[in-house]
Amino acid sequence: MIESSLASLGATIVVASSSDENHPPENITDGNTNTFWMSTGMFPQEFIIRFSEPTDISAVTVDSYNVKHLKIEKNTSQSASQFESVTEKEFQQTDGHLQSNAISLNGSGATHLRLIITSGYDHFASVHRVSVQNEHS
Amino acid sequence: MVKLRAKCLLVGDAAVGKSALSHMFHSDGTLFQKNYSMTTGVDLMMKCVQIPETSDSVELYIVDSAGKQTLVEACEKMWGEVSLLCLVFDLSSEQSFANCSHWMERVRAHCRGTRLPGVLVGNKTDLSTRREVQASVAQEWAESQGLEYHETSAKEKENCDAPILALATAFHSLYQEHRETIQNLSPG
Ligand SMILES: Nc1nc2c(ncn2[C@@H]2O[C@H](COP(=O)(O)OP(=O)(O)OP(=O)(O)O)[C@@H](O)[C@H]2O)c(=O)[nH]1
Ligand SMILES: [Mg+2]
């Protein structure tokens, strides 16, 4: 099993509910936890990751800050619509350092993953990196 | 350029002029209802505010919540997550000012520790001969609560932009503060 940054898998962010020019959603896929995407007020907030080809994902790791509750949905179609829910998780609050949560997805195949932050520990939440563990690539 | 989004809770006693103010915010002062029509639930209003000297803006979702005692509890269930507070009283009613502390308590309890920037608005400056609350007293209380104080007249369309701009600016500052905090975090 290998852990890959999303960019190295050819994955891109196709939709994000918030955007600050200085902290674009591409910062989620670049594999670097020093760069981040930040929500710009109110929840829910979401972003959608598109994989260049159907990918078997056993788990995702999310590095973030102030995220309280995260829902994950996926689909296997070419367009970023009609998602089915996969799992959800409550994150622990951290102070002074990032949250890092591994979430099991049971090896389900997907072309899109949709991550929805349904609530946060403060007005704003940030996502610094999402990486995936896949069976083979 | 950033577009921020904030939910602003508009509360205060019945008939202090919350709905009148929210109409002023929204229609830029074209609509003033002389006849009192009580809000019985919550009304939602959107206003986009440009932050001066930046290319940033804040979309304010203003939740105008009924002031009548017996309706408050039901309304609170519809407040949801709140980002900003606009607490209003009537300058010609000492009682409406005294009740501000109860409103503050309720809102604080609702927000469970999340910091809530906000303004205190003394409305109806046009009723100057009937004024019961002095600006200095209101100002002092506002400061003790961490609120910025403004006086308005929704009727005379006076100063109604000031509280809205203050709210948007406060939220913008909060965003920048958070961004800085996040920039200085260490990995998990
Ligand atoms: N003279 C004067 N009257 C005002 C002003 N603003 C509002 N009013 C009047 O005060 C009354 C109550 O105004 P509303 O805006 O409905 O009050 P509210 O705070 O929304 O009241 P609830 O919905 O019951 O909580 C109406 O008759 C308005 O015309 C003002 O600046 N000056
Ligand atoms: Mg009203």
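Proteins come first, then strands; the chains are lettered A, B, ... in the order of their sequence lines, and each starts at number 1.
Put simply, Leu9(B) and Leu44(B) are part of the same group of oily side chains (I, L, V, M, F, W, Y) that touch within less than 4.5 Å, one to the next.
Between the side chain of His110(B) and the main chain of Arg106(B), no donor-acceptor pair closer than 3.5 Å is present. The closest donor-acceptor contact from the side chain of Thr55(A) to the backbone of Ile57(A) lies at 3.5 Å or more, if one exists at all. The closest donor-acceptor contact from the side chain of Glu156(B) to the backbone of Asp126(B) lies at 3.5 Å or more, if one exists at all. For Asp122(A) (side chain) and Phe124(A) (main-chain N/O), no donor-acceptor pair under 3.5 Å exists by modelled atom type. In this structure, the side chain of Asp20(A) does not engage the main chain of Met1(B) through any donor-acceptor pair within 3.5 Å.
Partner of Arg50(A) under the side chain to side chain contact (heavy atoms under 4.5 Å, CB included) criterion, out of Val14(A), Ile13(A), Leu6(A): Val14(A) alone.
Looking at Ser19(A), only its backbone comes within 4.5 Å of chain B, counting heavy atoms on both sides. For Lys7(B), the parts sitting under 4.5 Å from any heavy atom of chain A are the backbone and the side chain alike. Only the backbone of Ser39(A) comes within less than 4.5 Å of a heavy atom of chain B; no side-chain atom from C-beta onward does. With a 4.5 angstrom heavy-atom cutoff, Asn22(A) touches chain B only via side-chain atoms.
Minimum interatomic distance between Thr40(A) and Phe171(B) (heavy atoms only, all atoms of both residues): O-CE2, 4.2 Å.
The environment of Glu140(B) atom CD is sparse: at most 12 non-hydrogen atoms of other residues, nucleotides or ligands sit within 6.0 angstrom.
Residues of residues 174-184 of chain B that come within less than 4.5 angstrom of chain A, heavy atom to heavy atom, are Leu174(B), Tyr175(B), His178(B), Arg179(B), Ile182(B), Gln183(B) in numerical order. Within residues 59-89 of chain B, the residues having any heavy atom under 4.5 Å from a heavy atom of chain A are, by residue number, Tyr61(B), Glu81(B), Val82(B), Ser83(B).
A donor-acceptor pair shorter than 3.5 Å can be found between the side chains of Asp13(B) and Trp103(B).
The line from CZ of Phe51(A) to OG1 of Thr111(A) is 9.0 Å long, rounded to the nearest 0.5 Å.
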When you look at His150(B) and Thr152(B), which way does the side-chain hydrogen bond (donor to acceptor under 3.5 Å, both in side chains) test go after all the steps? CA-CA 7 Å; His150(B) 292 274; Thr152(B) 58; over 6 Å; no

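Contact count against chain B (heavy-atom pairs under 4.5 Å) is highest for Gly96(A) among Gly96(A), Ser64(A), Ser119(A).
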